[in-house]
Amino acid sequence: MSLVFTAHYDGQPISVLELRGRVAFLPHELGIAAGYIGDGQRFVDQIVHEWAESLDDDDDIAQIVGKELDALKRDVPIPPSAHSALVLFPTGAERCLLRSRARCSRDLIRFLQEDVLSRVVAYNHANTPARGF
C-alpha cells in the first residue's frame, strides 16, 4: 500500500493509492469531492450499509487492516485510532458514484477515468525499467 500521488478535483484532494498492484481510492475523499456535506462519511455509510452486497470483494472494494493499514496511515490522513480503512478500486468507485446520484458524480467519474488513470499509466510507464531484447 502506497500513495502514488494526490489528484485534485474541484479543489478537493483525492489520494491515488497503489494496493496489491492496483489503483485504489479512499471513499470519504470521493464523497467530499462528489459534494457530500462534511467529511464524506455519509458516502462511506451508503457504501457499507446500502451498496456493499452488490460490490465484489477485492474487485470493487477492500477492507484494509494490519500492516497495510499501518502503511496507509503513514501516507494519508487517517485517524491513528482507526482499526481498518475502506478503499474502492476504480470499478467500485464508478459503481458507487453512479448510485450516489451526487450532482457531480458523472463529472467526477470522468475525471477519475480520463485524468487520474491516465496519470497512473504515465507514472507506471516512467517507473518501469526498460526491457532489453
Side-chain angles (χ1 to χ4, degrees):
M1 167 72 67
S2 63
L3 178 67
V4 179
F5 60 87
T6 301
H8 290 85
Y9 177 80
D10 216 16
Q12 296 298 321
I14 298 174
S15 300
V16 181
L17 308 169
E18 183 276 324
L19 172 66
R20 304 172 195 154
R22 299 180 58 205
V23 174
F25 306 102
L26 296 170
H28 74 276
E29 290 180 345
L30 295 178
I32 294 168
Y36 280 74
I37 296 172
D39 62 0
Q41 188 58 44
R42 174 72 178 120
F43 184 62
V44 175
D45 291 344
Q46 283 183 302
I47 293 168
V48 172
H49 299 293
E50 298 174 31
W51 308 325
E53 290 182 9
S54 65
L55 299 172
D56 295 326
D57 288 342
D58 296 325
D59 283 336
D60 296 324
I61 192 170
Q63 192 77 22
I64 306 306
V65 296
K67 291 180 182 180
E68 286 180 321
L69 179 63
D70 292 339
L72 181 62
K73 286 180 180 180
R74 285 190 295 270
D75 287 341
V76 296
I78 292 180
S81 61
H83 299 295
S84 67
L86 190 67
V87 297
L88 292 172
F89 297 112
T91 55
E94 182 176 339
R95 288 177 180 174
C96 291
L97 287 166
L98 284 173
R99 286 190 175 167
S100 76
R101 299 184 185 203
R103 58 180 162 69
C104 65
S105 63
R106 292 187 189 274
D107 288 339
L108 181 52
I109 291 167
R110 189 174 307 109
F111 171 76
L112 294 175
Q113 291 174 339
E114 295 174 3
D115 295 350
V116 173
L117 294 179
S118 65
R119 284 181 61 189
V120 170
V121 169
Y123 173 86
N124 287 341
H125 181 70
N127 291 293
T128 302
R131 294 185 187 163
F133 292 107

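No experiment lies behind these values; they were computed from the predicted model shown. Only this structure's heavy atoms are used, side chains among them; waters, hydrogens and symmetry mates stay out. We count residues from 1, following the sequence as given.
- Closest of all the heavy-atom pairs between Pro90 and Val23 is CD-O, 3.2 Å.
- Across Leu30 and Ala93, no two heavy atoms sit closer than the pair CD1-CB, 3.8 Å.
- From Thr91, atom OG1 reaches atom CD1 of Ile61 across 10.0 Å, with rounding to the nearest 0.5 Å.
- Residues Leu19 and Ile64 have side chains in contact (heavy-atom distance under 4.5 Å, counting atoms from C-beta outward).
- Take Glu18 and apply the salt bridge (charged side-chain N to carboxylate O under 4.0 Å, His left out) test, not counting sequence neighbours, and it matches no residue.
- Contact of the Val16 side chain with the Phe25 side chain is registered, since non-hydrogen atoms from C-beta on lie closer than 4.5 Å.
- In this structure, Phe89 and Asp59 approach most closely via the heavy-atom pair CB-O, 3.5 Å.
- Screening residues 32-52 for salt bridge (Lys or Arg N to Asp or Glu O under 4.0 Å), with sequence neighbours left out, gives Arg42-Glu50.
- Remark: side-chain polar atoms of Lys73 are paired, donor with acceptor, to backbone N or O of Pro80 under 3.5 angstrom.
- Residues meeting the side-chain hydrogen bond (donor to acceptor under 3.5 Å, both in side chains) test with Ser15, sequence neighbours left out: Glu29.
- In this structure, CD on Gln113 lies 10.0 Å from CG on Leu108, to the nearest 0.5 angstrom.
- Contacts classified as ring pair (Phe, Tyr, Trp, His ring centres under 6.0 Å) and involving residues 68-87 (residues at least two apart or in different chains) are not found.
- By the 4.5 Å heavy-atom criterion applied to side chains, Leu17 and Leu3 are counted as neighbours.
- Screening residues 95-110 for salt bridge (Lys or Arg N to Asp or Glu O under 4.0 Å) gives Asp60-Arg95, Asp107-Arg110 as the qualifying pairs, with residues at least two apart or on separate chains.
- Taking Arg20 as the reference, Asp58, Glu68 meet the salt bridge (charged side-chain N to carboxylate O under 4.0 Å, His left out) condition, with sequence neighbours excluded.
- Transitive grouping of hydrophobic side chains (ILVMFWY, heavy atoms separated by less than 4.5 Å) keeps Val65 and Val76 in distinct clusters.
- Between Tyr36 and Phe43, the ring planes lie tilted relative to each other; the angle falls in the 30° to 60° range.
- In plain terms, the two heavy atoms of Ser105 and Leu97 that are nearest each other are CB-O, 3.2 Å.
- Contact record, Cys104 with Ala34: SG-O, 3.4 Å, taken as the closest heavy-atom pair.
- Remark: Ile47 CD1 to Leu86 CG distance equals 6.0 Å, nearest 0.5 Å.
- Side-chain atoms of Pro27 and Val48, non-hydrogen and from C-beta on, never get closer than 4.5 Å to each other.
- Summarising the geometry, atom CD1 belonging to Ile37 is positioned 12.0 Å from atom CD1 belonging to Ile32; distances are rounded to the nearest 0.5 Å.
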